[in-house]
Protein chains: 2
Amino acid sequence: MPNAHDVLFRTLADPTRRAIFERLCREGEQTVGALTSQSGVSQPAVSKHLGLLRQAGLVRDRHEGRQTHYSAQLGALSPLIDWTSQMAGFWETRFDELEDLLKRMDQ
Amino acid sequence: MPNAHDVLFRTLADPTRRAIFERLCREGEQTVGALTSQSGVSQPAVSKHLGLLRQAGLVRDRHEGRQTHYSAQLGALSPLIDWTSQMAGFWETRFDELEDLLKRMDQ
DNA sequence: TCAATCAATAGCCAGCAGGTTATCGATCAC
DNA sequence: GTGATCGATAACCTGCTGGCTATTGATTGA
């Protein structure tokens, strides 16, 4: 049972997939065809990536006739932001501890 | 030629490897033995992970006798932070554009 | 109605990534 | 000096992942 960080990191680790997500962030909603045309891979490959991005909550889809429009769900990135701040936080804490230690040694 | 984001995402995507990095962030410098004992995988596997983390600039090593101490290099996370802010930034920009459009339509 | 288009699915294949055991070099303890 | 310990490396195996082509289902337009 992978946690939220696992899913996000794994999903964004693939360059092709991340490029698709970046494009959706930059340019907003796009059809599968539009995304495929600039992805360098086949349409089924793009559909697979979009499926994984959707599972990760990073995009949502909207059906309109025979086209499917995808758009980025930016909120899904929060666990990533939380994780990095947490790591930074641990580091700060340890730094403070070191400071304290040095202060005590100084007395 | 993978860019900095590629390397970071790929390196942090593996749960075992990320757990090692998290532990180094939480608890500071650790020997390979200490890291192995709580990783659930063999010592060579841990060494391999540490090698990749080092290549990504996420950890540094310090040799002391026959032990090797590893510690987290928090600065290496900045490209990740930059990337997320950039994605958020794109989103904001598009939101502003939408706002402008609505404003112009209103006139 | 029938052909064409769009996107998803199925089925397959190749490469790689992460795991293992075995071994080696270096350092330490006795 | 010798045996034990630590960590890196070698060599290998396996499963998963990302790619492909072919096909299907749905929708559109002629």
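Every chain is numbered from 1 and lettered A, B, ... according to where its sequence line falls, protein lines coming before strand lines.
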* In whole Å, what is the span from the CD atom of B:Gln30 to the P atom of D:dG7? -> 11 Å
* Using atom CD of A:Glu64 as one end and atom P of D:dA26 as the other, report the distance to the nearest whole Å. => 19 Å
* **Separation of B:His5 NE2 from B:Thr84 OG1 (nearest 0.5 Å)** => 9.0 Å
* Asked: In whole Å, what is the span from the CZ atom of A:Arg10 to the P atom of C:dA17?
  -> 16 Å
* Nearest-0.5 Å distance that lies between atom OG1 in B:Thr68 and atom CG in B:Leu50 -> 9.0 Å
Enumerate the protein-to-nucleotides 4-12 of chain C contacts in which both atoms are nitrogen or oxygen and the separation is below 3.5 Å.
{"residue": "C:dT5", "atom": "O2", "partner": "A:Arg66", "partner atom": "NH1", "Å": "2.8"}
{"residue": "C:dA7", "atom": "OP1", "partner": "A:Val32", "partner atom": "N", "Å": "3.4"}
{"residue": "C:dA7", "atom": "OP1", "partner": "A:Thr68", "partner atom": "N", "Å": "3.4"}
{"residue": "C:dA7", "atom": "OP2", "partner": "A:Gly33", "partner atom": "N", "Å": "2.7"}
{"residue": "C:dA7", "atom": "O3'", "partner": "A:Thr68", "partner atom": "OG1", "Å": "3.4"}
{"residue": "C:dA7", "atom": "N7", "partner": "A:Gln43", "partner atom": "OE1", "Å": "3.4"}
{"residue": "C:dA8", "atom": "OP1", "partner": "A:Tyr70", "partner atom": "OH", "Å": "2.8"}
{"residue": "C:dA8", "atom": "OP2", "partner": "A:Ser47", "partner atom": "OG", "Å": "2.6"}
{"residue": "C:dA8", "atom": "N7", "partner": "A:Gln43", "partner atom": "NE2", "Å": "2.7"}
{"residue": "C:dA8", "atom": "N6", "partner": "A:Gln43", "partner atom": "OE1", "Å": "3.2"}

* A:Leu12 CG to D:dT17 C1', straight-line distance once rounded to whole Å -> 16 Å
* Asked: Can you tell me how far the CG atom of A:Leu24 sits from the CG atom of A:Leu35, to the nearest 0.5 Å?
  -> 5.0 Å
* Asked: Just the dot-bracket of DNA chain D, please: which string comes out with Watson-Crick or G-U pairs under 3.5 Å, [ ] for crossing, | for another strand?
  -> ||||||||||||||||||||||||||||||
* Between C:dC16 atom P and A:Asp14 atom CG, what is the distance in whole Å? -> 14 Å
* B:Ile20 CD1 to C:dG19 C1', straight-line distance once rounded to whole Å -> 13 Å
* Name the orientation class of the two ring planes belonging to A:Phe21 and B:Trp83 (parallel below 30°, tilted from 30 to 60°, perpendicular beyond 60°). => tilted
* **Stepwise side-chain contact (heavy atoms from CB on, under 4.5 Å) test for A:Gln30 and A:Ile20** => CA-CA 10 Å; A:Gln30 305 270 329; A:Ile20 292 174; over 6 Å; no
* Asked: Between C:dG19 and B:Ser42, is there an OP1 or OP2 to side-chain N/O distance shorter than 4.0 Å?
  -> no
* **CG-CG distance between A:Leu8 and B:Leu12, expressed to the nearest 0.5 angstrom** => 12.0 Å
* To do: Whole angstrom is fine here: how far is it from CD in A:Gln55 over to C1' in D:dT17?
  => 14 Å
* Nearest whole angstrom, please: distance from the C1' of D:dT17 to the CZ of A:Arg18. => 16 Å
* Can you tell me if the side-chain N/O atoms of A:Thr16 get under 4.0 Å from OP1 or OP2 in D:dG18? -> no
* Would you find a donor on one side and an acceptor on the other, under 3.5 Å apart, between the side chain of B:Ser47 and the backbone of B:Pro44? -> no
* Asked: So, the side chain of B:Arg26 versus the backbone of A:Phe90: is there a donor-acceptor pair under 3.5 Å, distance only?
  -> no
* Would you give the length of the straight line joining atom CD of A:Gln73 to atom CG of A:Leu58, rounded to the nearest 0.5 angstrom? => 9.0 Å
